[in-house]
Amino acid sequence: MTSPPQGVEKASIAGDLPWRGPGPGRPELPLPPGPMPLRREGQNRKRWRYVGAFGAELMLCCARAEVGPLAQTFWILWDREGRRHAARTTQRPGAREVRFDGAAVEIESPGLRASLRLGESAPVESICPSPGGRGWGWTRKRAGMTVAGTVEVPGRRWELAGRGVDDESAGYHQRQTSWRWSAGVGRAVDGRELAWNLVEGVNDPPERSERAIWVAGEPSEPPPVRFLGNTGIEVPGGGTLAFHSESAHARDEDLLLLSSRYRHRFGSFSGTLGGIEIDAGLGVMEEHDAVW
């Protein structure tokens with residue numbers, strides 16, 4: 001489903017996981033790119049890859065996701081100049097509308113064709129327990145890398161040259177999981193490049209979380225953050241990152257044993273990030289409440 005993640009053995013391990021393997025009675029935790037059973041300790045396997053590209057003319061994201069045997073692909077596009085929003089979700093095992101091959105991203109779908117190439121960025125990885133249970137999640141995040149390629153919709157073609165984020169995740173999260181997430185790129189008033197991955201509700205213990213702020217390409221972990229609804233994110237000791245929504249996408253699903261409430265917003269950011277004043281920022285704010 002995704003390119004084999006690198007450096008999994010170096011991932012930060014947070015909290016009290018239900019394993020300290022390998023050892024007698026303590027099997028090693030299944031991690032990508034190795035085999036991961038569809039169910040483990042009563043939880044479905046969840047795994048996904050999400051890529052977001054943010055540029056002055058347009059913002060685009062795409063993803064492939066699996067919950068147990070079920071699969072989904074989706075993409076969302078926001079034409080900032082034409083003020084045009086487009087999106088498509090496909091729920092079909094083996095769907096090929098969104099394809100990832102290492103640094104290459106291809107979308108071939110009714111209403112959108114895109115061919116993108118991701119540059120390099122220092123990754124952060126973590127393995128965190130799910131709140132209140134024996135589930136866990138692994139994730140590898142990169143932010144701030146270049147994203148270049150072509151994007152086409154009926155009547156319009158762009159040569160994209162922006163920056164973006166790459167989220168690879170897998171694990172056995174609790175059946176009821178809720179989180180708020182933001183990722184984006186920007187520039188400080190002093191000219192340094194900035195990027196961030198901030199979350200509340202999943203993979204967010206006090207230390208060794210997936211939270212990261214990249215300054216001039218170097219990531220560091222901020223303390224736990226607080227999402228202020230859809231208006232921004234408070235970083236204790238580091239100010240408030242204000243969000244200005246430009247495009248909203250909503251999708252609700254009820255598949256009997258599975259349900260999801262998903263809200264995704266593209267927009268711009270201002271304020272301060274980790275104590276650094278932002279000159280300009282672009283990215284995403286996401287809310288997801290799932291029974292999976």
Side-chain angles (χ1 to χ4, degrees), residues 48-65 72-92 95-100 104-119 143-167 180-187 194-197 227 229-233 241-253 260-271 278-288:
W48 63 88
R49 186 175 180 186
Y50 170 108
V51 168
F54 314 120
E57 295 183 327
L58 69 88
M59 291 192 269
L60 170 68
C61 73
C62 60
R64 293 181 60 88
Q72 179 185 95
T73 66
F74 71 84
W75 56 263
I76 306 169
L77 179 141
W78 171 236
D79 174 358
R80 301 187 75 211
E81 292 184 329
R83 313 303 291 178
R84 177 170 51 174
H85 169 95
R88 177 177 166 86
T89 298
T90 302
Q91 291 179 319
R92 186 174 70 250
R96 300 281 293 169
E97 292 189 10
V98 176
R99 301 188 300 276
F100 298 108
V105 180
E106 302 285 338
I107 306 173
E108 190 167 352
S109 173
L112 177 69
R113 293 173 61 91
S115 180
L116 305 176
R117 188 79 183 179
L118 308 183
M145 69 281 192
T146 59
V147 183
T150 59
V151 179
E152 296 180 70
V153 298
R156 185 70 192 270
R157 174 187 171 96
W158 293 271
E159 294 291 336
L160 177 65
R163 296 165 62 209
V165 300
D166 186 4
D167 170 4
R180 304 296 178 263
W181 174 72
S182 176
V185 302
R187 190 175 302 276
L194 302 175
W196 66 89
N197 177 85
F227 278 66
N230 301 320
T231 64
I233 309 161
L241 185 63
F243 178 63
H244 314 280
S245 180
E246 297 181 7
S247 171
H249 174 76
R251 185 175 177 86
D252 296 325
E253 297 176 318
S260 171
R261 178 186 179 275
Y262 184 64
R263 301 291 183 266
H264 183 286
R265 296 173 176 86
F266 284 132
S268 62
F269 291 82
S270 61
I278 291 182
D279 179 56
L282 296 173
V284 60
M285 291 273 276
E286 177 186 284
E287 307 167 27
H288 198 177

Using the side chain to side chain donor-acceptor pair (under 3.5 Å) criterion, which residues pair with [X]? Sequence neighbours excluded.
X: Ser247; value: His85
X: Thr231; value: none
X: Trp158; value: none
X: Ser245; value: none

Name the orientation class of the two ring planes belonging to Phe269 and Phe243 (parallel below 30°, tilted from 30 to 60°, perpendicular beyond 60°).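 Tilted: the ring planes of Phe269 and Phe243 meet at 30° to 60°.
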Over 60° means perpendicular and under 30° means parallel, so tell me whether His264 and Phe266 are parallel, tilted or perpendicular.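 Answer is perpendicular, since the angle exceeds 60°.
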For [X], what residues pass the side-chain contact (heavy atoms from CB on, under 4.5 Å) criterion, not counting sequence neighbours?
X: Ala148; result: none
X: Asp279; result: Val189
X: Arg92; result: Thr90, Ala95

Shortest non-hydrogen separation from [X] to [Y] and the atoms involved:
X: Met145; Y: Gly119; value: CB-O, 3.6 Å
X: Arg80; Y: Gly55; value: CD-O, 3.6 Å
X: Ala104; Y: Arg117; value: CB-NH1, 3.8 Å
X: Arg84; Y: Pro154; value: NH1-O, 3.9 Å
X: Leu282; Y: Ala56; value: CD1-N, 4.4 Å
X: Ala183; Y: Val165; value: CB-CG1, 3.8 Å

Please walk me through it: do Glu81 and Arg156 pass side-chain contact (heavy atoms from CB on, under 4.5 Å)? CA-CA 12 Å; Glu81 292 184 329; Arg156 185 70 192 270; 3.4 Å; yes
Say you draw a straight line from [atom1] of [X] to [atom2] of [Y]; how long is it, rounded to the nearest 0.5 Å?
X: Arg180; Y: Phe227; atom1: CZ; atom2: CZ; result: 9.0 Å
X: Thr150; Y: Leu160; atom1: OG1; atom2: CG; result: 9.0 Å
X: Arg83; Y: Trp78; atom1: CZ; atom2: CH2; result: 4.0 Å
X: Tyr50; Y: Asp166; atom1: OH; atom2: CG; result: 11.0 Å
X: Asn197; Y: Ser182; atom1: CG; atom2: OG; result: 8.5 Å
X: Ile76; Y: Leu60; atom1: CD1; atom2: CG; result: 9.0 Å

Hey, does the side chain of Arg163 reach the backbone of Gly186 with a donor-acceptor pair shorter than 3.5 angstrom? yes
Can you check whether His288's main-chain N or O pairs, donor with acceptor, with Arg261's side chain at less than 3.5 Å? no
May I ask you to check whether Phe74 and Trp48 place their ring centers less than 6.0 Å from one another? no
Counting C-beta onward and ignoring hydrogens, is there a side-chain heavy-atom pair between [X] and [Y] closer than 4.5 Å?
X: Cys62; Y: Val98; value: yes
X: Arg88; Y: Glu97; value: yes
X: Thr146; Y: Leu118; value: no
X: Leu112; Y: Leu77; value: yes

side-chain contact (heavy atoms from CB on, under 4.5 Å) assessment of Val51 paired with Asp167: CA-CA 6 Å; Val51 168; Asp167 170 4; over 6 Å; no
If the condition is salt bridge (Lys or Arg N to Asp or Glu O under 4.0 Å), which residues does [X] pass it with, not counting sequence neighbours?
X: Glu286; answer: none
X: Glu253; answer: Arg251
X: Glu152; answer: Arg157
X: Arg113; answer: Glu108

Of all pairs that satisfy salt bridge (Lys or Arg N to Asp or Glu O under 4.0 Å), the ones with a partner from residues 54-63, not counting sequence neighbours: none
Test side-chain contact (heavy atoms from CB on, under 4.5 Å) on Thr89 and Thr73; report intermediate values, then the result. CA-CA 6 Å; Thr89 298; Thr73 66; over 6 Å; no
Applying salt bridge (Lys or Arg N to Asp or Glu O under 4.0 Å), run through Arg265 and Glu287 and close with a yes or a no. CA-CA 9 Å; Arg265 296 173 176 86; Glu287 307 167 27; 3.0 Å; yes
Please test Trp181 against Val284 for side-chain contact (heavy atoms from CB on, under 4.5 Å), starting from the C-alpha separation and ending with a verdict. CA-CA 8 Å; Trp181 174 72; Val284 60; 3.8 Å; yes
